[in-house]
Every structure is written in C-alpha cells, then in structure tokens.
Amino acid sequence: MHTTDKEKDFVEKIKKIYPSNWENVIASHKVNKPKTFRVNTLLTNEDDVIKLLEKNNFLVKKSEISFGYISAKSPNDKTISKSNVFESNLIYIQELASMLPVLVLNPQKDEQILDFCAAPGSKTGLIAALTNNESKITAVEKGRNRFFKMKELLDNQGVKNVREILMDANLVAKKLPDLIESFDKILVDAPCSNEGSLNLASESGMKYWSEKEARKLSKLQKGLLNSALKLLKKGGTLVYSTCTYSVEENEQVVDWALKRWPDVKLVEIELPISNVEKGRVVWNDKKMDKSLDKTVRVLPNEEWNGFFISKFVKE
C-alpha cells in the first residue's frame, strides 16, 4: 500500500508531538488490535461470563484495568461480537482507553453525575455499572438518532437511575438553569478528530482526517468544557478527555479553561498503566499553564489506542 500525502502529513504531526516515540506510535496504527470488552455487571458477574467465553473457545485475558478484558483469540467460526454472551448484553465491547476517563472520574454511589456528550452510551453504562445503578446519572446528547439508540442501549444494559436529555450540551445551563452547580462529577468526553483510532493498515483509514479539523473542533470543545464547568458543584470533579493527539484539542483547550475559570484547577491523575506521558506545557514555543503536566497522554500500542485525559476540581 503506497503512502498517501495525508499519511505523510499525519506522520509529520506525530513526529512533532512525540519526537522520541513517534515510530512506535505510527507502528501501533498499522496493526489490527484485538477486541476489548468489559463484563456488564448490572446483569451478571465476571467469573461466570469469563468461564462461559472460555468454554466457547474464546481465549480471554485481563487488562491492566480491573474491569477490562482482551479477547486474545476467537474460535474460527466467530468473533466475540457475534457471541451469545455479547448478544445477551452480558459483555460490552469497548476500547480499553475509552474506559479510562470513567476510571479517573471515579463515580460513587449517591452522586449526581453528568455525562455531557453521552452517545453511544458506553461511558454512561460503565458509570452505572461501577456504582451498581446507585448513582444519579444525567446523559446529554443532541443528535436525535444517536439519542434514541443510546436510550435503547442503556435499557438493554440494565441501566437505571439515568435521566436522558435530548439537547445541545451547550444549551443545558441556559435552558435548564436549575442544573447549574448541581453535579458532583461531570464527564466531558468531547467530540474530536479521533486520531487515536486511525487505522493506517486500511486504504480508507485516513479518509476523514485533515490538519484543519483539529482547529475547527477546538472551538466546539472549548464551548462544551466551559458549559460543563457552569454545571459543576463547588468541590466537584470534571474529567475532560479526547481520543486524539492534537494539542489544539487537548492541552490548549484545558489551558484556555484554566485562564477563564480561576476557581478551577487541575489535579494529578494516577493510572494503572505504564504507556503514558505527561501532557505538554509548551507547544510551538508558546508556554501554557505549568499545571498541564498533570494531564496525561495515553500512548497507543498493540492493545491500546491513544487518548488524552485531564481532571479538574472546582474550588
């Protein structure tokens, strides 16, 4: 497969962001990664499901995340997404890196929790599972089709105590002022350019990627983060994350929020994985808030996609 101009541009961008590690990052985008999943503990327990998968000749191994699993090998005739276990909603197929923002959010029972960009419902479902349906979740989604698919998915997963709102997240504070400063924890897993998920092994893997996309999306992300911070209680925690590499969509968005919200600060993030780097504090010779070294960049490898995660508290 010949190298396209887009792929060359992408490689140059990765060299700039990860000068000492770019070859490993690019290599990780050329392998087909195994399916990863979590057991839906709202409907079953982990031991029973893993035994059932192994009985059906799926080789399953635990990931570094306590509730994350890797489907290392499938029987010849089917993938794990065609298994009875999946079709019965006993497992949910989800990238490992996508589970991390919820792990960092650390949802607890009885908390008011907001998932600000909730569809397709992966992280909402995980929040419900980790709190055994004993937290009070609000899930916001503006796309009508995505909203109703999310509702169906959450129902099938056995998710309770969730209020779904069909609305542009940026309008929530304005249209529902009672929700201002009402949430203990908020997750903003923002729409992004998805660079962490690009597949360079596919002819169409770069189809939707462009350098301009990151600059365009950063405006949307700043709006979402600013709106979410209005809804966060004093003393509350907000996690902002993306599945992309662009500094414009990650550290620069966080830096912008820190300047705009003097009562908000970043806190350290601890992850159970070694494939991480600290966030950038300098970009294009421009210094940003030095506390940005508390943000984390998850480095991709044979099992993980790239991700960016930041954790705020409102003082």
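All figures in this text were calculated on a predicted structure; none of them were measured in a lab.
- In this structure, Lys230 is not positioned above the aromatic face of Trp261 in the sense of NZ or CZ being under 6.0 Å from the six-membered ring centre and within 45° of the axis.
- The backbone N or O of Glu195 sits less than 3.5 Å from a side-chain atom of Thr244, completing a donor-acceptor pair.
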What side-chain donor-acceptor pairs closer than 3.5 Å can you find for residues 50-60, not counting sequence neighbours?
from	atom 1	to	atom 2	distance (Å)
Asn56	ND2	Leu52	O	2.8

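- Test Lys35, Lys61, Lys33 against Glu303 for salt bridge (Lys or Arg N to Asp or Glu O under 4.0 Å) and you get one pass: Lys61.
- Linking ILVMFWY side-chain heavy atoms closer than 4.5 Å, directly or via other members, places Leu90 and Phe37 in a single hydrophobic cluster.
- For the pair Asp184 (side chain) and Gln112 (backbone), a donor-acceptor distance under 3.5 Å is present.
- Using a distance-only test at 3.5 Å, with no hydrogens or angles considered, no donor-acceptor pair links the side chain of Lys109 to the main chain of Asn132.
- The distance from atom CD1 of Ile137 to atom CZ of Phe183, rounded to the nearest 0.5 Å, is 11.0 Å.
- At least one donor-acceptor pair closer than 3.5 Å links the side chain of Glu111 to the backbone N or O of Gln108.
- Ion pair Lys259/Asp255 flagged as a salt bridge, since at least one NZ, NE, NH1 or NH2 atom sits closer than 4.0 Å to an Asp/Glu carboxylate oxygen.
- Scanning for side-chain hydrogen bond (donor to acceptor under 3.5 Å, both in side chains) contacts around Glu251 gives Arg297, with sequence neighbours left out.
- Note on Ile80 and Tyr92: separate hydrophobic clusters, where clusters join Ile, Leu, Val, Met, Phe, Trp and Tyr whose side-chain heavy atoms are under 4.5 Å apart, directly or indirectly.
- Sequence neighbours left out, not one pair with a member in residues 102-158 passes ring-ring contact (aromatic ring centres under 6.0 Å, His included).
- Considering Trp22, Trp304, Tyr245 as possible partners of His29, the one that fulfils the ring pair (Phe, Tyr, Trp, His ring centres under 6.0 Å) test is Tyr245.
- Ionic pairing of Asp115 and Lys123 is not present here: no N-O contact between side-chain nitrogen and carboxylate oxygen is shorter than 4.0 angstrom.
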